[in-house]
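Written below as structure tokens is the structure these notes are about.
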Amino acid sequence: TEPLLKVEGLKKYFPVTGGMFGRVKGQVKAVDDISFYVNEGETLGIVGESGCGKSTTGRMLMRLLDPTEGKVTFDGQELTSLSASEMRKARRDIQMVFQDPYASLNPRHSIEKILMEPLNVHNIGDPKERKRKVYEFLEIVGLSSYHAKRYPHQFSGGQRQRIGIARALMTNPKLIIADEPVSALDVSIQAQVLNLMQDLQRDLKLTYIFIAHDLGVVRHISDRVGVMYLGNMAELADTESLYEKPLHPYTQALLSAVPVPDPDFVREEVVIKGDVPSPANPPSGCRFHTRCPFKMDICSQEIPRFAEVEPGHSVACHLYEECRPQ
Ligand code: SF4
Ligand code: MG
């Protein structure tokens, strides 16, 4: 069967302007030619440091940002070719959950009004049905109908994220793009919100893209995980192979920083040096070559191909024959 979402050759270049007249001086290649798919009912984790392009990717999938190039196909429909009004309709099926629910909830609106809004926008149900749905979804996310008249500031961070999740669910979407949904929460609350998201996925047959900045958070919720570095997809695999047998030196380094729960399991430590280079002036060849402990001559000269090295396990690194230029 066809995947629910297919992303092909997606790019986002932002112009960089400067000087007195705001002339275009160059461009930031925030996302540079990434491809992946997401099957119905699964969770794809997307991980990377800040500035790697993961949020930009999430926003392009909903066309909150228009791609510079590339194709996004969702549920058989090519989103990248839809008009603005057609895209507004398609957004009923794709919703986002944001990192900071406080910033994304209007402080002057009651929870009822906030949850009602997507129903109004998409013209779903009559006023009575809308109200019933608001109460129903408050319960579904572990709050209750007496919370409906309250305002965002009267809730804790974890409760606010439950409200953000409820709002995303109001239109019965198929796909939820969650951009660091638990990063701003205390660790104990993180687990509760992740469990809630997993229960909702099972009960409502949801598909998730779960964006995070560390590999620890996405491990238990993801079926597959993609690792991004400076606008590129460095590696993508099913969760078990990625964590047990990471192929890309960058993934290996990220995992060296995650505590290993099994003391019998020894992972060779890969330490990366230096900071992430500027995406306005990314390194030639493999963008990771300035920090990679395994760098070879070819690495600064040729861009490694993103290729499937083992079944379901793709990587972009010259250490693997399949990724060498052909
Ligand atoms: Fe390191 Fe070269 Fe692989 Fe890039 S292509 S990750 S520099 S070994
Ligand atoms: Mg971000």
Side-chain angles (χ1 to χ4, degrees), residues 7-13 26-36 44-57 70 211-216 218-219 222 224-258 260 265-326:
V7 174
E8 295 162 273
L10 197 64
K11 293 183 185 178
K12 183 67 189 180
Y13 294 176
Q27 49 193 2
V28 173
K29 298 180 174 183
V31 173
D32 202 6
D33 196 7
I34 64 169
S35 301
F36 59 88
L44 175 71
I46 298 183
V47 172
E49 292 163 282
S50 84
C52 71
K54 57 193 195 297
S55 297
T56 304
T57 300
I211 298 170
H213 62 258
D214 82 83
L215 279 163
V218 298
R219 180 168 192 163
S222 301
R224 291 183 299 127
V225 175
V227 176
M228 287 186 70
Y229 184 79
L230 266 183
N232 293 149
M233 192 68 82
E235 182 164 8
L236 201 160
D238 64 87
T239 305
E240 200 183 312
S241 351
L242 189 101
Y243 288 79
E244 301 299 329
K245 202 185 165 212
L247 299 178
H248 197 286
Y250 178 59
T251 314
Q252 292 167 0
L254 288 179
L255 282 170
S256 297
V258 176
V260 180
F265 179 68
V266 183
R267 196 189 286 127
E268 208 174 324
E269 201 165 319
V270 177
V271 180
I272 41 176
K273 42 191 182 182
D275 297 324
V276 186
S278 159
N281 189 16
S284 59
C286 168
R287 288 188 180 182
F288 189 56
H289 86 252
T290 52
R291 303 171 78 195
C292 182
F294 306 106
K295 178 189 179 280
M296 303 164 284
D297 286 343
I298 188 178
C299 298
S300 56
Q301 290 153 18
E302 299 276 358
I303 298 172
R305 297 178 342 112
F306 184 68
E308 195 170 23
V309 167
E310 287 168 21
H313 198 147
S314 300
V315 65
C317 169
H318 290 302
L319 291 171
Y320 307 92
E321 206 55 58
E322 295 86 337
C323 304
R324 299 282 176 94
Q326 290 171 330

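Both ligands and their constituent atoms are indexed starting at 1 by order of listing.
Close approach to H248 involves these atoms of ligand 1, each under 4.0 Å from a residue heavy atom: 6 (S). The contact set between ligand 1 and C286, taken as ligand atoms under 4.0 Å from a residue heavy atom, comprises 4 (Fe), 5 (S), 6 (S), 7 (S). Near C317, meaning under 4.0 Å from one of its heavy atoms, ligand 1 places the atoms 3 (Fe), 5 (S), 6 (S), 8 (S).
In terms of heavy atoms, S314 sits closest to E308 at OG-CA, 3.5 Å. In terms of heavy-atom proximity, H318 sits nearest to E302 at NE2-O, 2.7 Å.
There is a side-chain donor-acceptor pair under 3.5 Å between D238 and S241.
In this structure, atom 2 (Fe) of ligand 1 lies nearest to the protein heavy atom C299 SG, 2.2 Å. Protein heavy atom closest to atom 1 (Fe) of ligand 1, with residue, atom name and distance, is C292 SG, 2.3 Å. Here the heavy atom of the protein found nearest to atom 5 (S) of ligand 1 is H318 N, 3.2 Å.
Partner of R287 under the side-chain contact (heavy atoms from CB on, under 4.5 Å) criterion, out of P277, P279, C52, P282: P282 alone.
The shortest distance between side-chain heavy atoms of C323 and V315 falls below 4.5 Å.
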